[in-house]
Amino acid sequence: MNARTFADTLAKTVEELACPESYKDLYHEHSDGVPLPSGDVLHKIIELARGILFPGYYGRSSINTNTLKFHLGVYTEQLYSLLVTQIQAGLSFSKFEDTGAVFAAYSQTTINTEMRRMAEARAIEFISRLPELRRVLATDVMAAFNGDPAAKNYGEIISCYPVIKELTIYRIAHELWTLDVPLIPRMLTEIAHSETGIDIHPGATIGEYFTIDHGTGVVIGETCIIGNNVKLYQGVTLGAKSFPLDANGNPIKGVPRHPILEDNVIVYSNASILGRIRIGRGAVIGGNIWVTQDVPAGASITQKR
């Protein structure tokens, strides 16, 4: 290809890409001085949070009981600062869908100032929840250890097991989700999905002492409710059976459409539990089966021969 042909092709391609019809619904115009949330910064937030929640396993390896309080203070201050910038960026992205009318008469500078205030309030509230977050994650570590005879100690669980890497990020994302932080919770759980092969929506509600053995291929949908002491195996799907549509044929968002698993449920590998059904307390769901109806407490559901 000669230089003239390349120049013509380049000009034609750019012209087509710049056509408004080409990028409709695929283009985001940034607010003044507020970019989209950063994947790189969110990775830093995850590492800082892990260093706070599991000191010594993540963050500085030289940490000891004499320096622990100092390092936790430094990490927490850094975490707060990064969270504020990212939450503000997420609020900018959302274009104040729920509160836009309030800001319609104000300048962009005033709006950015208010976004900053909102971001700071959400970040402070998240920081205040870190002790409880650690307490719940400790129950997950215990469940993983007790559920795997191959595990030698808690350190192995914290350092190596994908379920704890996943649940740490999911539980962070879920707290941000409950604080109405837009976009960032989904970005965080997609980072976890890429890292572990486990896909948990940040909107799902998961109780204490939760574990997933192996983990690869597990999917947990947005409106799932999971009780305490529940164990899943690899390949389990807790999904939706169908999507209700409005009068125009568009999916209705936000309706409960995923399963409820009560306390002490076990679901074995590659089972698919679909729709807003209830799996009763202590039930056992066998592997490689399709469940679309309620299961009573204590029942054991397996393939028929």
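We find that R135 and E132 are joined by a salt bridge, their nearest charged nitrogen and carboxylate oxygen being less than 4.0 Å apart. Between R122 and E125 there is no salt bridge, since no side-chain nitrogen of the basic residue lies less than 4.0 Å from a carboxylate oxygen of the acidic one. Salt-bridge formation is detected for the pair E120/R116: a Lys NZ or Arg NE/NH1/NH2 atom is positioned less than 4.0 Å from an Asp or Glu carboxylate oxygen. Taking 4.0 Å as the cut-off between side-chain N and carboxylate O, E21 and K24 do not count as a salt-bridged pair.
For the pair T223 (side chain) and H258 (backbone), a donor-acceptor distance under 3.5 Å is present. In this structure, T139 contributes its side chain and V136 its backbone to a donor-acceptor pair below 3.5 Å. Between the side chain of R60 and the main chain of G51, no donor-acceptor pair closer than 3.5 Å is present. No donor-acceptor pair closer than 3.5 Å links the side chain of S81 to the backbone N or O of Q78. Listed for the D199 side chain is no donor-acceptor partner under 3.5 Å among the backbone atoms of H193. Checking side-chain atoms of N153 against main-chain N and O of G155 turns up a donor-acceptor pair under 3.5 Å. Within the 3.5 Å criterion, the main-chain N or O of T216 finds no donor-acceptor partner in the side chain of H214. With hydrogens and angles ignored, the 3.5 Å screen pairs no side-chain donor or acceptor of E195 with any backbone N or O of I191. A donor-acceptor pair under 3.5 Å links the side-chain atoms of T13 to the main chain of T9, judged by distance alone. Looking only at distances, a side-chain donor or acceptor of H174 sits under 3.5 Å from a matching main-chain atom of A204.
Contact detail for P182 and D180: the closest heavy-atom pair is CD-O, 3.4 Å. In plain terms, the two heavy atoms of A123 and V84 that are nearest each other are CB-CG2, 3.7 Å. Here the shortest heavy-atom pairing between G207 and D140 reads O-OD1, 4.4 Å. Between H201 and Y170, the closest heavy-atom pair is O-CE1, 3.7 Å. Nearest heavy-atom pair, L82 versus V41, reported as atom, atom and distance to 0.1 Å: CD2-CG1, 4.0 Å. Scanning both residues, T292 and I277, for their nearest heavy atoms gives O-CG2, 3.4 Å.
Counted by atom type alone, D263 and N229 present zero donor-acceptor pairs between their side chains at under 3.5 Å. Under the 3.5 Å distance criterion, with hydrogens and angles disregarded, a donor-acceptor pair is assigned to the side chains of T196 and E166. Checked by atom type, the side-chain pair Y161/D148 shows a donor-acceptor distance below 3.5 Å.
Neither V284 nor L261 shares a network with the other; the hydrophobic side chains, linked directly or stepwise wherever heavy atoms of I, L, V, M, F, W or Y lie under 4.5 Å apart, form separate groups for each. In terms of hydrophobic clustering, with Ile, Leu, Val, Met, Phe, Trp and Tyr side chains grouped at heavy-atom distances under 4.5 Å, L274 and Y268 are assigned to different clusters. The same ILVMFWY cluster, assembled from side-chain heavy atoms under 4.5 Å apart, contains both I127 and I52. Transitive grouping of hydrophobic side chains (ILVMFWY, heavy atoms separated by less than 4.5 Å) keeps W290 and V267 in distinct clusters. Residues Y57 and L68 are members of one and the same hydrophobic cluster, defined by side-chain heavy-atom contacts under 4.5 angstrom among Ile, Leu, Val, Met, Phe, Trp and Tyr.
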Going through the distances and angles, do R281 and N228 end up as a side chain to side chain contact (heavy atoms under 4.5 Å, CB included)? CA-CA 10 Å; R281 180 184 178 91; N228 296 325; over 6 Å; no
Between I289 and I301, does a side chain to side chain contact (heavy atoms under 4.5 Å, CB included) hold up when you go through it step by step? CA-CA 9 Å; I289 62 173; I301 308 298; 3.6 Å; yes
Checking I184 against I87 for the side chain to side chain contact (heavy atoms under 4.5 Å, CB included) test, could you report, in this order, the C-alpha distance in whole Å, the side-chain angles of both residues, the deciding distance, and whether it holds? CA-CA 7 Å; I184 291 170; I87 293 172; 4.3 Å; yes
Between Y209 and V230, does the side chain to side chain contact (heavy atoms under 4.5 Å, CB included) criterion hold? Intermediate values first, please. CA-CA 7 Å; Y209 297 93; V230 170; over 6 Å; no
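Proximity of Q86 to S38: side-chain heavy atoms (C-beta onward) are separated by under 4.5 Å at one or more points. Annotation: side chain of I198 is not in contact with side chain of I220 (no heavy-atom distance under 4.5 Å). A heavy-atom distance below 4.5 Å is not found between the side chains of I46 and I172. The closest side-chain heavy-atom distance from I279 to I273 is below 4.5 Å. R129 places a side-chain heavy atom less than 4.5 Å from the side chain of T178. Counting only heavy atoms from C-beta outward, the side chains of Y75 and L79 never approach each other to under 4.5 Å. Residues I169 and R50 have side chains in contact (heavy-atom distance under 4.5 Å, counting atoms from C-beta outward). Put simply, the side chain of E190 does not reach to within 4.5 Å of the side chain of P202, judged on heavy atoms.
Atom CD of E175 is separated from atom OG of S128 by 9.0 Å, given to the nearest 0.5 angstrom. The distance from the CD1 atom of I200 to the CD1 atom of I212 is 4.5 Å, given to the nearest 0.5 Å. A distance of 8.0 Å separates CD1 of I206 from SG of C224, quoted to the nearest 0.5 Å. A distance of 10.5 Å separates OG1 of T205 from CH2 of W177, quoted to the nearest 0.5 Å. With rounding to the nearest 0.5 Å, the separation of CD1 in I260 from CD1 in I226 is 11.0 Å. Between L17 atom CG and K12 atom NZ the span is 10.0 Å, to the nearest 0.5 Å.
By the 6.0 Å contact criterion, CD on E77 is open, its count of non-hydrogen atoms from other residues, nucleotides or ligands being 12 or less.
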